[in-house]
Amino acid sequence: MQPDPESVTEARHFAISRLCEWGLGALTDDLGLVVSELVTNALRHSGGVKAWPRPVPPPGSADPLGSAPAAIRLRLIHEAPWLLCGILDASPSAPRRKQPDYIAETGRGLHLVESFSERWGWRSLPHGKIVWALFRTP
């Protein structure tokens, strides 16, 4: 998918339709929420969305977003009794779970991912990372 804010909706609809094809409709709410959070994080932190302002690095420093991805990839793998959802992007930065601030409008995404999946994690790749969430299928 191309890095665009509408990609969040497209990714969620794709994931839900795939679950329905696989007969896993009971997971649509949980997976839809997790996909939305992970794709939003990938878009925000990979630097791929021009609509969201990118920080200007101080003079003389390297731009950590200079190698931002042209695309963010969603992978779904189902091998009963598990469903694995992975979001790949080119940012090498590890996802950081923040202490929840219940007044702030952002910062709770990884807490939601943790709450609605069995496990989640991330792995560094040669040209970025994958953030994944694991679900037990009914």
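What you see is a predicted model; the values in this text were computed from it and never measured. FYI, side chains are in, hydrogens and waters are out, and symmetry mates aren't considered; it's all heavy atoms of this structure.
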Just do the side-chain contact (heavy atoms from CB on, under 4.5 Å) check on Leu74 and Cys85 with the steps written out, would you? CA-CA 7 Å; Leu74 164 63; Cys85 169; 3.9 Å; yes
Sequence neighbours left out, what pairs pass salt bridge (Lys or Arg N to Asp or Glu O under 4.0 Å) with at least one residue falling in residues 77-87? none
Sub-4.5 Å side-chain heavy-atom contact between Leu83 and Trp22: yes
For Ala15 and Leu76 the tightest heavy-atom approach is CA-CD1, 3.7 Å
Got a sec, which pairs hit salt bridge (Lys or Arg N to Asp or Glu O under 4.0 Å) with one end in residues 120-137, sequence neighbours left out? Asp89-Lys129
For Thr28, which residues count as a side-chain contact (heavy atoms from CB on, under 4.5 Å) partner, sequence neighbours excluded? Ile16, Leu19, Cys20
Compare every heavy atom of Leu43 with every heavy atom of Ser7, then report the nearest pair and how far apart it is. CB-CD1, 4.4 Å
Contacts of type ring-ring contact (aromatic ring centres under 6.0 Å, His included), residue Trp122, not counting sequence neighbours: none
Qualifying residues under side-chain contact (heavy atoms from CB on, under 4.5 Å), relative to Pro138, sequence neighbours excluded: Leu24, Ala26, Leu27
Side-chain contact, heavy-atom cut-off 4.5 Å: Phe135 with Val34? yes
Who passes salt bridge (Lys or Arg N to Asp or Glu O under 4.0 Å) against Glu21, sequence neighbours left out? Arg18
Partners passing salt bridge (Lys or Arg N to Asp or Glu O under 4.0 Å) against Arg12 (at least two apart in sequence or in another chain): none
What residues, two or more places apart in sequence or in another chain, satisfy side-chain contact (heavy atoms from CB on, under 4.5 Å) together with Leu33? Glu37, Leu112, Phe116
In chain order, what residues pass the side chain to side chain donor-acceptor pair (under 3.5 Å) check against Glu114, with sequence neighbours excluded? Arg97
What closest approach, in Å, do Val113 and Ala133 show between heavy atoms, and which atom pair accounts for it? CG1-CB, 4.2 Å
Which pairs, with at least one residue in residues 23-44 and sequence neighbours excluded, count as a ring-ring contact (aromatic ring centres under 6.0 Å, His included)? none
Joining Ile, Leu, Val, Met, Phe, Trp and Tyr whenever any side-chain heavy atoms lie under 4.5 Å apart, the cluster holding Ile130 also takes in Leu88, Leu125
May I ask you to list the residues sharing a hydrophobic cluster with Trp82, side-chain cutoff 4.5 Å, ordered by chain and number? Ile77, Leu84, Trp132, Leu134
Out of Asn41, Ile87, Leu38, which residue meets the side chain to side chain contact (heavy atoms under 4.5 Å, CB included) rule with Ile72? Ile87
